[in-house]
Amino acid sequence: DLLKVLEEHESPTSPFATEARTNQPARWCLPELVCEVEYAEITRDGTLRHPTYRGLRTDVDPREATGEERRESARKAQEAAKRAAIAPVASENGEKAARVPSVLEVEGKRIKLTNLEKVLFPEDGYTKADLIRYYTEVSPFLVPWLRDRPLTLKPFPDGIHGTHFYQKNKPGFTPEWIKSWTDPREPENAYVLANDMATLVWMANYTAIEIHPRLARADDPEKPDNVMIDLDPAEGATWDDVKEVAHVVKAVLDDLGIVGFPKTTGSRGIHVLVPIARRYTFEESRAFALRVGQLARERLPKLVTLEFSKSKRRGIYIDYLQNTRAKSTAGPYSVRPIRRAPVSAPLRWDEIASLGRPDAFTMINMSARLDAVGDLLGPSLGLAQKLPKPPA
DNA sequence: GGGTTGC
DNA sequence: GCAACCCAACGCATA
DNA sequence: TATGCG
Ligand SMILES: [Mn+2]
Ligand SMILES: [Mn+2]
């Protein structure tokens, strides 16, 4: 039946302008039939992953069948359905839940807060109000760290499973009192600087769940004041593996006479921040991170990799390449857009061994932790360590 | 999220 | 007054 | 140049 139809349109040569990749020798037909195909994903080179034939579509004109419009409308319908699913439920009498914006006054700035009851973390039920509360709670610890660091924001206006994007240039509706800085190398981007609690509140209302601060401050963007040693578990690596490598990194730093400040990433890894004098280039700070990685690999070759290619990685990848001018990775106290709403939590070295899971500290319990351990990153702020001379 | 556009 | 549409990043590694 | 990576 299908074969018969196809044979009616058979062509001795391929109708494609470029040669098509085929798994087996192919018989061709002219592009005069339209069928529906279900697939998992479209790769960047435009091929379909896991395609499944779903039948002919005689109602579609072959000349119109680019697939583009249908793909777009399907994507939008799915997003609309997701949004409807997270909208605050109507009250019992059937009235629509109130959606009246409120105004919060913070440090003399009046901030309009919208959709406070919108659920941003559906598995946990956490709302935008929870996110705003969290960032106000950590602001005494977070603002000193963020001060004058250009930020890349990662908003999730429809919750952690919805559309998200990176944002360097502040949006057009940003209040005028929000401080920003334009990178001379990117004249189009006015980066937000979160130098006060009010700005954090505004960012949280914007659903900027994740905050990516630079490793250099705006007044000297070419000179980082921290090196980041990023421990990234490859597929299959465990939290115990991460902890073991962290301890080796600590030993390597000790040998070099350097102090590092560990934090959970909130996801699966650990970041170690090494505060340095603002006199080195990113090339130099990157070289230092690489050296730490190499020394760690010498001590623990089974578990440490510096391999860029993901498929070749085993164990823990020490991502020294994060040490570049405008990189973007979640900063300390940033919430992570995953189940449990974990945060990137500064740690004491002696806590790591007994820390049972990488996402132990969350948007909800972090405030209690800060009451208990205080400002673990504060001591790093003015610490202008010299990097050891690289070996010849 | 919020500004803009279109009914 | 609404709902739909639109926009919101980038540098560097490697083959 | 194209893709992988974060
Ligand atoms: Mn990482
Ligand atoms: Mn929206």
Side-chain angles (χ1 to χ4, degrees), chain A residues 18 42-47 69 72-73 75-77 79-81 83-84 86-87 96 99 101 111-118 120 127-128 131-132 150-159 162-175 178 180 182-183 185-192 201-216 221-222 224 228-235 265-269 271 282-283 285-287 289-290 305-313 317-331 334 336-337 344:
Chain A
T18 57
I42 300 179
T43 59
R44 212 149 74 186
D45 65 357
T47 60
E69 312 81 6
E72 262 306 281
S73 70
R75 191 184 59 77
K76 282 189 178 147
E79 284 189 359
R83 268 197 303 277
I86 65 168
K96 262 192 174 172
R99 247 189 38 171
I111 307 170
K112 183 167 57 160
L113 304 181
T114 55
N115 286 315
L116 286 172
E117 295 313 309
K118 186 183 231 181
L120 298 181
T127 63
K128 196 159 86 173
L131 184 72
I132 295 169
L151 303 181
T152 299
L153 306 181
K154 204 171 173 190
F156 291 72
D158 297 313
T163 302
H164 58 271
F165 45 90
Y166 290 93
Q167 186 140 19
K168 297 191 167 186
N169 190 29
K170 67 180 181 185
F173 50 84
T174 308
I178 301 247
S180 65
T182 301
D183 188 338
R185 289 214 213 170
E186 304 164 43
E188 299 313 303
N189 291 336
Y191 286 79
V192 170
V201 169
W202 175 82
M203 285 162 50
N205 184 64
Y206 184 44
T207 69
I209 291 174
E210 213 168 80
I211 302 174
H212 295 202
R214 286 199 187 181
L215 294 171
E222 312 295 339
M228 157 112 57
I229 315 290
D230 177 10
L231 311 186
D232 238 334
E235 187 82 13
T265 65
S267 179
R268 303 213 303 128
H271 291 158
F282 276 100
E283 199 179 336
S285 69
R286 189 159 58 246
L290 172 59
T305 179
L306 297 166
E307 175 57 61
F308 183 73
S309 162
K310 236 178 149 168
S311 61
K312 293 184 193 163
R313 280 181 208 161
Y317 172 52
I318 298 190
D319 185 5
Y320 61 97
L321 296 167
Q322 287 299 319
N323 294 282
T324 178
R325 195 171 180 279
K327 61 134 210 77
S328 82
T329 197
S334 175
R336 308 306 305 274
S344 179

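The sequence lines fix the lettering, A, B, ..., with proteins before strands; numbering per chain opens at 1.
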Within the structure shown, what part of the strands sits under 4.0 Å from [X] by heavy-atom distance: base, sugar-phosphate, or nothing?
X         : value
Pro157(A) : base
Thr152(A) : nothing
Phe173(A) : sugar-phosphate
Arg313(A) : sugar-phosphate
Lys128(A) : sugar-phosphate

Separation of atom [atom1] in [X] from atom [atom2] in [N], rounded to whole Å:
X         : N       : atom1 : atom2 : result
Leu306(A) : dA13(C) : CG    : P     : 14 Å
Glu79(A)  : dA3(C)  : CD    : P     : 18 Å
Leu215(A) : dG6(D)  : CG    : P     : 17 Å
Arg286(A) : dG11(C) : CZ    : P     : 13 Å
His164(A) : dG6(D)  : NE2   : P     : 15 Å
Tyr317(A) : dG4(D)  : OH    : P     : 16 Å
Gln167(A) : dC10(C) : CD    : P     : 11 Å
Glu186(A) : dA8(C)  : CD    : C1'   : 15 Å

Residue pair [X] / [Y], side-chain heavy-atom distance below 4.5 Å:
X         : Y         : value
Phe282(A) : Lys327(A) : no
Ile209(A) : His164(A) : no
Thr114(A) : Lys128(A) : yes

What residues, two or more places apart in sequence or in another chain, satisfy ring-ring contact (aromatic ring centres under 6.0 Å, His included) together with Tyr206(A)?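 Phe173(A), Trp202(A).
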Let me spell it out: for each of Ser309(A) and Ser328(A), pick the nucleotide of DNA chain C with the closest heavy atom. Which residue's pick is nearer the 5' end?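 It is Ser328(A), whose closest nucleotide lies nearer the 5' terminus.
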Between Tyr320(A) and Glu188(A), which has a closest nucleotide on DNA chain C that is more 5'?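 The 5'-side residue here is Glu188(A).
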Closest heavy-atom contact between His271(A) and Asp230(A)?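 Residues His271(A) and Asp230(A), closest heavy atoms: CD2-OD1, 3.2 Å.
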Write down the distance separating the P atoms in dA9(C) and dC5(D), rounded off to the nearest Å.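 dA9(C) and dC5(D) have their P atoms separated by 24 Å.
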Which value, in whole Å, describes the distance between the P atoms of nucleotides dA8(C) and dT4(B)?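 Their P atoms lie roughly 15 Å apart.
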Would you please name every residue forming a side-chain contact (heavy atoms from CB on, under 4.5 Å) with Glu307(A), sequence neighbours left out?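 Partners of Glu307(A) under the side-chain contact (heavy atoms from CB on, under 4.5 Å) test: Thr305(A), Ser309(A), Lys312(A), Arg313(A).
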Residues which pass side-chain contact (heavy atoms from CB on, under 4.5 Å) with Phe308(A), listed by chain and number, not counting sequence neighbours: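 Result, side-chain contact (heavy atoms from CB on, under 4.5 Å) vs Phe308(A): Tyr317(A), Leu321(A).
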What residues, two or more places apart in sequence or in another chain, satisfy salt bridge (charged side-chain N to carboxylate O under 4.0 Å, His left out) together with [X]?
X         : value
Lys168(A) : none
Glu283(A) : none
Arg268(A) : none
Asp319(A) : none

Any side-chain N or O of [X] under 4.0 Å from OP1/OP2 of [N]?
X         : N       : answer
Thr114(A) : dG2(B)  : yes
Lys76(A)  : dC6(C)  : yes
Lys310(A) : dG6(D)  : yes
Asn323(A) : dC12(C) : no
Lys118(A) : dG1(B)  : yes

Side chain of [X]: nearest nucleotide among [options]?
X         : options                   : answer
Phe165(A) : dA8(C), dG6(D), dC10(C)   : dA8(C)
Asn115(A) : dC10(C), dA8(C), dG1(B)   : dG1(B)
Asn189(A) : dG1(B), dG6(D), dC10(C)   : dC10(C)
Thr324(A) : dG1(B), dG11(C), dA13(C)  : dG11(C)
Lys312(A) : dG11(C), dA15(C), dC10(C) : dA15(C)
Phe308(A) : dC5(D), dA9(C), dG6(D)    : dC5(D)

Main chain of Pro157(A), side chain of Lys118(A): is a donor-acceptor contact present, judged purely on distance under 3.5 Å?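 Judged by distance alone, yes, a pair lies under 3.5 Å.
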Which nucleotides of DNA chain C pair, in dot-bracket form (Watson-Crick or G-U under 3.5 Å, | meaning another strand): |||||||..||||||
Mind listing the residues from residues 206-214 of chain A sitting with a heavy atom below 4.0 Å of DNA chain D? Number order is fine.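 DNA chain D contact set from residues 206-214 of chain A: none.
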